[in-house]
Amino acid sequence: MTRIQRETIANLVIVGFCLVMLMWAIPTYTPKYPGYGASPRLVPNVAVGIMMVMAGLSLVRLLLARFAGKTLPPAEHHYPEEAQSTGFTQIGRINLRNLALFMIPSILLVVGIEDLGYVPTAFLFLMVLQYVIGNRKWIQMTVLSIVVVAVMYIIMRYGFGVPVPGPQLFE
Amino acid sequence: MEMILAGLLDAISPVSLMYVFIGVAIGVLIGAIPGINGPMAIALFIPITYYMTPLTAIGFLVGLNKGAFFGGAVSAVLLRTPGTPEAAATSWDGYPLTQQGKGEKALRMALYSSVAGDFISTVVLILIAAPLAAVALFMGPAEIFALISLALTVIAGIGTTSICRGLIAAGLGLLAGMIGTEPVTALPRLTFDVYQLGGGLSLVPVAIGLLAFSEILIQMERFTGKGSGAHAANVFSSKREDRLLSRKEFFANTRTLLRGSAIGIGVGAMPGLGAPVASFMSYDQAMKRSKHKEEFGQGRLEGIAASESANSSVVASSLIPLFVLGIPGNLAAAMLMGAFMIFGMQPGPLMFKENAQLMYGIYGSLLIASLFLAVIGRFGLRAFCKAVEIPAMILYPIVIFTCIMGSYLGRSDMFDVGVMLTFGVIGYFMRKFDFSYVAFLIGFILVPEWERTLQQVVIISENNPTMFFERPVAVGLMVLTFFVIGKTFWGNIKAGRDCREPKTKSTPQAENN
């Protein structure tokens, strides 16, 4: 996929999001005008308006480039290695498999912790995460998981006095 | 005078000193690890500050940020992998010195330059922030509204190659910041009937998700299934002259240090530019003015002095717009603003009136943090060098778990962990598509004040929009805002028209991205 195609899709998604916000979400989930001050819908509409105009502008620009049979200007074409590795953004291919590998255990942790409790869920989570990253040293993985879970438990429970989520082990 | 003394006494209380010390030490350690930077560290540690007093919390976070700025130089010098974006220029001369076995000398130069730049900048902040804030007090809601509007458009340029995408990100940040209770009607807005959203999105999970979790998701793409462990070699030579930095060597760079500090202060005081700009600008100036231009990039101490003095002086000077106008100059300042807001304080000129003792306490903590940075850096240098060698397969699970528990800590609610994960994914896509998460976060933080001032203007003027025209400063600022937006429009249309055939100029790799 070229950058023009990627950016076109991204901008179309943004325009679609803005339309949903303007036509459904903002009118439905914003209080009515109370008769004084600015309308509660004004600022959300302005924010969405900015997004939509800018995304529309980008689309016009991409279309102009496409019809001319050209691609993006050189300035936006060159991302020096240094800028990619040290800058704020890391433009590149979306690795959905990798994203899923880290998000699924994280989501399972959020869901499972309330029922199974902090200690077993967090331990399993850390083991899975280390395995996904590529660690195959089972003793190191187990020790690290136990230490991290225990240290976090002690910090939360006795340092800040915050109960860890889910059923409590020592209650 | 009493306030100044009381504030300084607070800053040198044992508890405060301890937290600043811990903050600086953790900051250096974290900054040394490639991929973790100051704002990310602040986001990860804000939840801990819930349990501190405002002064110790801000002192701790400021120490963390200062430490991380120097820490970034450690991996830049030893591995040529800058721990933070602003340390990139440091690696150009630092790494060649490491290859020559003079890594310790390079790190010492980086440390002393950082401390010098940071100290000078802190003194300038102390001298000018309060007088400027006194002038800023004459600004009314119309001027503040116009100023925030301008700041949002200027800041949209940070962290992206396109101001257009920056404005989209800022708009999304504004929208996310409006979720919660509407200020005038006190009724829920954009909560989608989810009761946990009634109080709005907390800054901590949003910031941890965008800054830390999304960064780790991207970093892990490199390591998944492979494991990683960087190895810094040839750092500590056995020769004394290769390890130590002589006074002569340090003072030979006095001009460069002063110039770098001045550039850093100027750049930091202007919202939207940031430390990387200061660092590159200072390096460029040092090279142009040097008698040994040809030695730059081959291991010249002057290059390290230029880069480090400039980027470290941004830390304190970026607090000038925050303290004077209530507008964060960069991401770290935005995170500190969030920390102030957690304690129920709104940074801005009124802080000097309402919380004078705290402000002088913060000044004291800033100076103490500089001193601690010198001490910790000097005696812990070798230990911090080991931090760059922590394998990713050990480090990243710990960081991810810290992100999760840190998000939970604020309200003891797993819903916030869900928010963090959601914003982690949003941040991942923002980074991949070059949308500025910096602009998003600053929009998110500034929107309550922006809306509040807008409401004040509308209510005071009794819905008369011409009220703006009676305030020349506000008009000037709004004209500037529209000028920036208009320039963006024109620039985009022109760029679309002026597209050049890339076959000769672009790389296939860039095209396939």
Side-chain angles (χ1 to χ4, degrees), chain A residues 2-3 10 14 25 29-31 34 36-38 40 43-44 47-48 50-51 54-55 57-58 60-61 64-65 68 70-74 76-79 82 86-92 94-95 98-99 101-103 106 109-110 113-114 126 129-130 132-135 144 148 152 160 162 165, chain B residues 51 82 85 88 159-161 164 167-168 171-172 174-175 178 182 184-185 187 189-190 192 217-218 220-221 223-227 393-394 396-398 400-401 405 408-409 412 414 417-418 421 431-434 438 451 454-455 458-459 489 492 495-497 499-502 505-506 510-511 513:
Chain A
T2 63
R3 274 200 63 213
I14 292 164
Y29 293 102
T30 305
Y36 55 92
V43 183
V48 174
I50 292 170
M51 289 169 68
M54 290 298 150
L57 194 65
S58 297
V60 169
R61 180 183 160 202
L64 280 174
K70 294 162 186 172
T71 66
L72 296 177
E76 285 201 32
H77 246 289
H78 291 150
Y79 295 99
E82 210 154 60
T86 66
F88 290 102
T89 53
Q90 289 98 341
I91 304 153
I94 304 291
N95 191 336
N98 192 73
L99 193 60
L101 276 176
F102 294 104
M103 289 310 293
S106 305
L109 172 82
V110 175
I113 209 162
E114 299 281 9
L126 282 164
L129 216 53
Q130 288 179 82
V132 167
I133 294 175
N135 199 350
L144 185 75
V148 171
M152 197 60 86
F160 301 128
V162 176
Chain B
Y51 303 90
T160 173
T161 51
C164 212
L167 284 170
I168 292 173
L172 195 62
L174 293 174
L175 201 61
M178 276 178 269
E182 202 275 325
V184 173
T185 58
L187 290 169
R189 177 172 60 184
L190 297 174
F192 299 91
L217 283 176
I218 286 177
M220 299 247 250
E221 286 181 351
F223 302 129
T224 309
K226 291 180 227 159
M393 62 176 71
I394 290 181
Y396 289 149
I398 299 174
I400 288 192
F401 195 61
M405 297 319 287
Y408 169 80
L409 196 59
S412 305
M414 287 307 281
V417 180
L421 292 175
R431 286 167 193 261
K432 290 282 185 180
F433 284 92
D434 192 30
V438 183
E451 188 170 21
L454 174 68
Q455 290 286 6
V458 174
I459 290 169
F489 264 89
N492 267 277
R497 228 193 287 146
C499 284
R500 298 278 176 267
E501 189 61 57
K505 293 191 175 183
S506 70
E511 182 65 74
N513 278 340

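Lettering follows sequence order; numbering is per chain, from 1. Model, not experiment: these values are computed from the prediction.
Of the residues considered (B/Ile168, B/Leu217, B/Ile459, B/Val184), B/Ile168 shows the highest number of contacts with chain A, using heavy-atom pairs under 4.5 Å. With chain B as partner, the option from A/Leu129, A/Asn95, A/Leu109, A/Ile14 having the largest number of non-hydrogen pairs under 4.5 angstrom is A/Asn95. Chosen from B/Leu190, B/Leu174, B/Thr185, the residue pairing most often with chain A at heavy-atom distances under 4.5 Å is B/Leu190. With chain A as partner, the option from B/Ile398, B/Leu409, B/Leu454, B/Val417 having the largest number of non-hydrogen pairs under 4.5 angstrom is B/Leu409. Across A/Val48, A/Leu99, A/Ile50, the residue that shares the most heavy-atom pairs under 4.5 angstrom with chain B is A/Leu99. When the candidates A/Pro34, A/Ala10, A/Ala47, A/Ala55 are compared by the number of heavy-atom contacts under 4.5 Å with chain B, A/Ala47 comes out ahead.
Between atom CD of residue A/Gln130 and atom CG of residue A/Leu126 there is a gap of 6.5 Å, rounded to the nearest 0.5 Å. Taking CD1 of B/Ile400 as the reference point, atom CE of B/Met220 lies at 3.0 Å (rounded to 0.5 Å). A distance of 15.0 Å separates CG in A/Asn135 from OH in B/Tyr396, rounded to the nearest 0.5 Å. Rounding to the nearest 0.5 angstrom, the gap separating the CG atom in B/Leu421 from the CZ atom in A/Phe102 is 13.5 Å.
Inter-residue side-chain proximity for A/Thr30 and B/Glu182 is flagged as unmet; no heavy-atom pair is nearer than 4.5 Å.
Proximity to chain A (any heavy atom under 4.5 Å) is restricted, for B/Met178, to the side chain, taken from C-beta onward. Both the backbone and the side chain of A/Val43 come within less than 4.5 Å of a heavy atom in chain B. For B/Phe192, the parts sitting under 4.5 Å from any heavy atom of chain A are the backbone and the side chain alike.
The main-chain N or O of B/Ile218 is never found under 3.5 Å from a side-chain atom of B/Arg431 such that the two would form a donor-acceptor pair.
Scanning both residues, A/Ala38 and B/Gln455, for their nearest heavy atoms gives N-OE1, 2.7 Å.
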